[in-house]
Each structure stands twice: as structure tokens, then as C-alpha cells.
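First the structure, in the form of C-alpha cells, and then the observations on it.
So that the names make sense, note that chain A is the first sequence line, chain B the second, and so on, each numbered from 1.
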Protein chains: 4
Amino acid sequence: MPDSSRRNEKSRRAILTAAFELAGEVGYGKLSIEGIAARAGVGKQTIYRWWPSKGAVLFDAFLMMSEGETGELPYTGDIERDLKTVLRATVAELRDERYDLPMRALNTEMMHDPELARTYTERLEEPMRDMKKSRLRKAVEDGQLSDVDLDVAVDVIWGPITVRWMNRSGPLTEEFADVVVETALSGLRSPVA
Amino acid sequence: MPDSSRRNEKSRRAILTAAFELAGEVGYGKLSIEGIAARAGVGKQTIYRWWPSKGAVLFDAFLMMSEGETGELPYTGDIERDLKTVLRATVAELRDERYDLPMRALNTEMMHDPELARTYTERLEEPMRDMKKSRLRKAVEDGQLSDVDLDVAVDVIWGPITVRWMNRSGPLTEEFADVVVETALSGLRSPVA
Amino acid sequence: MPDSSRRNEKSRRAILTAAFELAGEVGYGKLSIEGIAARAGVGKQTIYRWWPSKGAVLFDAFLMMSEGETGELPYTGDIERDLKTVLRATVAELRDERYDLPMRALNTEMMHDPELARTYTERLEEPMRDMKKSRLRKAVEDGQLSDVDLDVAVDVIWGPITVRWMNRSGPLTEEFADVVVETALSGLRSPVA
Amino acid sequence: MPDSSRRNEKSRRAILTAAFELAGEVGYGKLSIEGIAARAGVGKQTIYRWWPSKGAVLFDAFLMMSEGETGELPYTGDIERDLKTVLRATVAELRDERYDLPMRALNTEMMHDPELARTYTERLEEPMRDMKKSRLRKAVEDGQLSDVDLDVAVDVIWGPITVRWMNRSGPLTEEFADVVVETALSGLRSPVA
DNA sequence: CCATAACCGAGACGGTACGTCATGTCTTCCA
DNA sequence: TGGAAGACATGACGTACCGTCTCGGTTATGG
């Protein structure tokens, strides 16, 4: 197995950058190890030596890009307002050409590679989910939300956005983001009942 | 352009069946036109003549499989109970090996092929969505649900399930289905507020 | 088996013309039955019905083209002069783009199809050879040639030309034609001997 | 362009051997790059990397086979006797199944590929022609032949054999070889003249 | 003078091979 | 020894033709 202490950092960054860019330029279908190596000015073996799959490269590329991206969701004291802010930002990002294609590429790999999905969940999704749950928890403490399972709450709020993006099953707009937040907060049940 | 009146129906069915089965057996990554043609006992050209892409074949395979599948969602008068029944069934199907892999394959293709996504939406998603909205509409009439945007309601209910399935971001169980229904119906907001 | 009395003469001519032209335009390698049928505005089956092979079509095309071509070689009384005239004409024809490629195509087919070679020999080569032998016989009668095997004589005179054309083993010029005639007539042996 | 220093010699030999054998077994029409690759246990790309065409492979196969084949034509002092010896050997070789088909295949390719014909001429034909001219030159020095153009002499002697082989226009026997030699040496012209 | 059998155009079909591209492994050579 | 370079066996791609096979739509006799 390779000795990572001898690893060439410049090559590593060149590969990840090339992978991310190519995913955005040519799309998932035409994203190839050969292409990444050529763009990065690197031998193919250098990729195969350090990553087990195309998806793993892509994942690391995301990791590098999102490095230092962090911290907390906004807190104004009004959970509805804050969730709308966040979801609108998410929608904007998903509509951004620069992120759309690479994210689709990564999602595709995850879809068929449970191991990659697990790693992704651990390294990228969980931290983000924790941020989300953290904000929701504060809202519970503020008496704005009832004491539900926060994981389910996250899924109910962010799930609809993700699905629309993936399947293009409807327009992915800021209005949609707002309505999702309102609906998730108020529930579907008639208040009379 | 091919003359569809001369089309060989037997070959068509053999191709769609082979595509569905292979998607289930070898997964998306190893699903090839050559493999489908070989399994179906058909020349490759016969596939290329009638379908523009691997995704289109897969889509037609789903169409054939879901032919006559239909009608209405259950109606007992209790929307919560009925939604739980439906979502539990959905979860069961998504966990069924026979459907999991082919669906992932189709979703992958849709993810990168907007035209295919559009067709899918029109031919398969819309009808199902209409069934769902129809059941929800009855619940509104029954005074069980408030008068929300039904498309958003559908996304809020079914979105979390779909996302967990796709990304394997958490366990996809019947309990999860139940909690999603309860949360979506009651909303996250504290009743005190 | 097909009833040739019902045969469509127009189609037949269109096929042969198309075959000859295409052989000249695209060369042997890209000459296809499909191409001939398309150019002739004819169904493929009409070709397969009447000819056993591509070579047979080509052969018939030559037969049609050389119809009525004939009679006798020139006779001025001087065999050397006459042979030079004939060989120069042959060289000119072989250098003519319009005949070069189709002839190469036909020769290729004959090379690998003994049956076709036999038919060609009978129908086209023998008549031409008879004309050649006829002229040589007259030269024998005129006391200009000794009484050799005329078939061998024909091969010795025309063989060198044919080989140079086929293999491009040297320049195929009128001068070459002249020298071949002179050499074949005089022989290689030193007159002293 | 490929770096020939990295070339795998074992693959090269396997390809050339396979090409020669297959040409002899299945004939020109069914000789395919795929078939050669399969027989040689080699990827198709390895053939496409190093040779521009099927004909070039075949040519190299001949080159390999005729390696070290050489030297000089027999010299007993009697040119007629020696030429008969050589032409009889040529006839025998052309009638040998092991050489007939591969040679036809190579000739076919040369016929349609001037570049290949040029290479063949340079690398295989010229050396053989030089041997032939060398023997004829000695005969001239011995006073057995007159001082004719030796290239034409070679064509007059060997041309008839080649043409009969290619076109099967007559029986290719040792008797024919003898008569061709006699006729070429004595000439056709009547000795009286 | 129609009926019926053939030819005809068109082109779908199961195949084979094409020439290209990417895979993941291996080897060579350089720093 | 890590890395750039790239040859290698493998296998899928999408295309071109093969030779066979229907499908209607004309001919063109022969009963």
C-alpha cells in the first residue's frame, strides 16, 4: 500500500481540481479517469494509487472545495425566516451551473456505491445535518418547534428540495423553498381537527 | 426514420425484459447495450434503431412493467392511516432487490438526461402524483387536511422517503415511514405558538 | 428459383451501372451491395435474387460495358507495329481512372473466387485471347513469327503489362509497352549463340 | 505516436504469425483484425497502434516469414537450365496451399493500397528483382543473353507466371514454366526474318 | 379479363466486424 | 521510490453491411 507521507501534494490538488472542473464541463457520462489524469498532467497510476474509484476522487474534490465551509446556520430568533434563508441559498446553489453537474456526478456515484455513500454521509452529510439539527434544537428551546425527531424534521424540510433537484420533477424556485418551509412547519392537518 | 408498423413486437418485449432483468442483476455500472442485446437474442442495431439511449430503454422497460398498475390510493376515511399504508408499501418496494437496482439505474439516467426526466415525469410521475393528490384532495374535503398546495404536500410526504432511498442517508424502515407521515401532518411548529 | 422471363430489365441495368460507377468512385474496399442497391434505387433482394455475389454483379457490369466491343486486332502486316499499337492502347486504358478502379475491384473478386475466375475466363478472357492468338497466327503465316505455343506467346507479351498494372511494380508507360514487344519478339538470347 | 522502444516483441510476433496463419486458413474475405487479435491473444488496439491497415500487418507477416531468405539464384553456367529451375520452384510455391492464400490476401491489399504496394516493392520485390537481374547479368557476361533492359527481361520471364497464378487464366504447371523460359529466351520472331 | 403468382421497393431483423475509447494493470524511465 | 508516460488485455461503444426475411404494391401472364 502506498506510503502517504511521500505523497505529492501538488499532484493531489491538480487531480481534485481537474476532476471537479471536468465533472462540471463534460458531465458525468464523459467524466473519465483518463481525462482527469490528462487535465491534471498526471499519470493514471497516480490516481489509481490513491483513490479506489472515480466516485472517491469526486468525493475528495468536494471535500477540498468545501474545506473551511462551515459553522452554523443563521439565527435571528425566527426559525421560519431562518429556514427560508437557508433553503433559498440551497436552491440558488443547486441552480448554479458550477455546482449542479459535479453534484449530480457525485450523487450518481453514491447511488451505486454504498461504501461511498457511507463515507459521504459521515464526512459531509452528518456535519451539515448536525448544523441543521443544531438550529432546529434551538428553535425547540425557543418554544417555536415541538419536540419531534430532529432527523425526520431535517428530512421533511430538505427532502422535497433535494428530490425536485434530482428528478427535475418540478420547478426549483425560491417560492417553492418558502412554501416547503411553511408547509413543513404548519403541517398538513386541518387546524380544526 | 424507422417505420414502426414493421416493428417486431417480440424483439421489443425481449429487449425491455432483458434490460430490466440485467439492471437488477448487474447494476447500472455494468449495464450495457451489448449485454441487453445478447440477453434478448437481438442485434444491437435493433436497439439503436428504436431507442435513443440506454436510459430510454430502461424507461420503456419500467413502462412495460408498470402497465396496468394503477388506479387509486386506499381510502378508509382516515388520511393518516392511509398514508402510512402507502408509504410502508413504497418502502417495501424500494427495499425489494428486484426493484431497487433497476430503479437506481433509471434514476441515474434521468439525473443526467433532462429529456428523459421530462418524459418520465409526464408518463410515470404525473399519473402517480395525480393519484396522490387525488387522495389528499379527498382528505381536504373530509376536513382532515387544510387547503395547502397539493404538489408541495406530495413532496413533503414522499420527498423524505425518496431521498433516504437514493442517498442511503439513514435507515429506510416502516417506522421511518410512519414518523414522516405523522410529522408532515402535524407540522414541526409547537402547538403552543 | 427466379423466373428470368419476369426480370425487370431497367432494374438490371441500373444495378450494373451503379456497380460499375461505384467501383470507380469508392474503390473495392467500400463497394457494398447496400450502396449499389441505394444508388440503383433498387431493393437489396433484387440483387441477391439474380446474382450470387458482389463479384458476379461486377462481372456482369463489365460484360454490359464491353458489349459490342470487339472484333479484331489491327493488321497492317507488321506484327511488331501492330502489337505496339495494341499494348499502348491497353496501357492507356489501364491508366484511365474510369477503368482502373472497377478493373481492380473485379480482379480482386476473381482472385478469391475461382468460380468467378472461370466464368470471367470463359466469357471475357477467352474471346480476347482468341483475338490476340488470331493476330499472332496471321503473323506466323506471314513468316514473321516462329511456330510457338500461341497461349504462351500471349502470356509473354501481355503478362508483363498486367503484372505492372496490378502490383505497381514499375512505371506503366508506352515506352514500357514498346520495349516489352521488342523483347518478346527478339528474345533474350544473344544472337551470337 | 507510439514509442516503439516500449513495444512488446512477443505480441508483435504473435500478431504476425496469427495473421499469416489465418490468411491461409480462412482466406482474404474472412480475414479480420478481430480474428487476428483473438488468435494472437492480443487486444485490437495493439494492432491498430502499430499498423495502419490489415494489409500492413499481412506485409509484415510476409517480411517476418521471409527473413533470412535470400542470397542468390542458382548458377550452373546454363541460363536456360537455371531459369527453369527457379521458375519451377516458383510454380511449386504458388501451388502450395500454405502460401497461396496468404499471398493472394497480400496481393489484394496491395492492389488497392498504393502505399502498401510501394513498401512491398521496396522491401520485398526489389531485393528479389535484384537477385534475378544479377543472375541475368551474369548470363549477359557469359555471352548467353543479349544486352537488353534487365527489368523488362525480368517482367517478360516472371510476368506470365504471376498472371496465370493471379487470374487462374490457365494451368500453372512446370511445363508451362519451361515453355515460358524457352519462349522468352528465343523470342517469338521467326529466325528466318 | 380478371386472378394469382412473380417481381419489385423498402427496410427490419440477427449477426459480424469495424475503428475508437476507457478501464485497471504493468513496465520503463526520470528526478 | 514516487510519479509521468504510456503499452497492454479487455470490453463496450455506435456504425456499416451482411444475407435473410417480411411487407404492400405493381406487372403480366394464363385459366
Give a yes/no on whether any side-chain N or O of [X] is located under 4.0 angstrom from OP1 or OP2 of [N].
{"X": "B:Thr46", "N": "E:dA12", "answer": "no"}
{"X": "B:Ser11", "N": "E:dA12", "answer": "no"}
{"X": "C:Trp50", "N": "E:dC8", "answer": "yes"}

Residues D:Arg98, D:Glu25: salt bridge by 4.0 Å N-O rule: no
Options E:dG9, E:dC8, E:dC7, nucleotide nearest the side-chain atoms of B:Arg6: E:dG9
So which nucleotide from E:dC13, E:dG24, E:dC18 ends up closest to the side chain of B:Arg49? E:dC13
In the 5' to 3' direction, the nucleotides of DNA chain F bounding the stretch that comes under 4.0 Å of a heavy atom in chain C are F:dC17 to F:dA28
Taking the nucleotide of DNA chain E with the nearest heavy atom to each, does C:Arg7 or B:Glu9 sit closer to the 5' end? C:Arg7
Once you round it to whole Å, what is the distance between [atom2] of [N] and [atom1] of [X]?
{"X": "D:Ile47", "N": "E:dC21", "atom1": "CD1", "atom2": "P", "value": "17 Å"}
{"X": "C:Glu34", "N": "E:dG9", "atom1": "CD", "atom2": "C1'", "value": "14 Å"}
{"X": "C:Tyr48", "N": "E:dG9", "atom1": "OH", "atom2": "P", "value": "15 Å"}
{"X": "C:Lys30", "N": "E:dG19", "atom1": "NZ", "atom2": "P", "value": "9 Å"}
{"X": "A:Asn8", "N": "E:dA31", "atom1": "CG", "atom2": "C1'", "value": "12 Å"}
{"X": "D:Leu31", "N": "E:dT16", "atom1": "CG", "atom2": "P", "value": "17 Å"}
{"X": "D:Ile33", "N": "E:dT16", "atom1": "CD1", "atom2": "C1'", "value": "14 Å"}
{"X": "D:Ile36", "N": "E:dG19", "atom1": "CD1", "atom2": "C1'", "value": "14 Å"}

Any base atoms under 4.0 Å from D:Gly41, or only sugar-phosphate, or nothing? Heavy atoms, all strands. sugar-phosphate
For atom CD of C:Glu97, is the number of surrounding heavy atoms from other residues, nucleotides or ligands below 6.0 Å larger than 12? no
Check the surroundings of atom CZ in C:Arg13: do more than 12 heavy atoms from other residues, nucleotides or ligands lie under 6.0 Å from it? no
Donor-acceptor side-chain pairing of A:Trp165 and A:Asp100 below 3.5 angstrom: yes
Quick check for you: to the nearest 0.5 Å, what is the distance between C:Asn107 atom CG and C:Met111 atom CE? 8.5 Å
Donor-acceptor pair under 3.5 Å, C:Gln45 side chain vs E:dC7 base: no
Polar pair under 3.5 Å, donor/acceptor by atom type, side chain A:Lys44, base E:dG24: yes
Could you tell me whether a side-chain N or O of B:Asp60 sits under 3.5 Å from a main-chain N or O of B:Leu63, the two making a donor and an acceptor? no
Check: D:Thr46 side chain, D:Val42 main-chain N or O, donor-acceptor pair, under 3.5 Å: no
Return the 5'-most residue of the pair D:Ala40, C:Lys54 with respect to DNA chain F, ranking by each residue's nearest nucleotide. D:Ala40
Using 30° and 60° as the class boundaries, would you call the ring planes of B:Phe20 and B:Tyr99 parallel, tilted or perpendicular? perpendicular
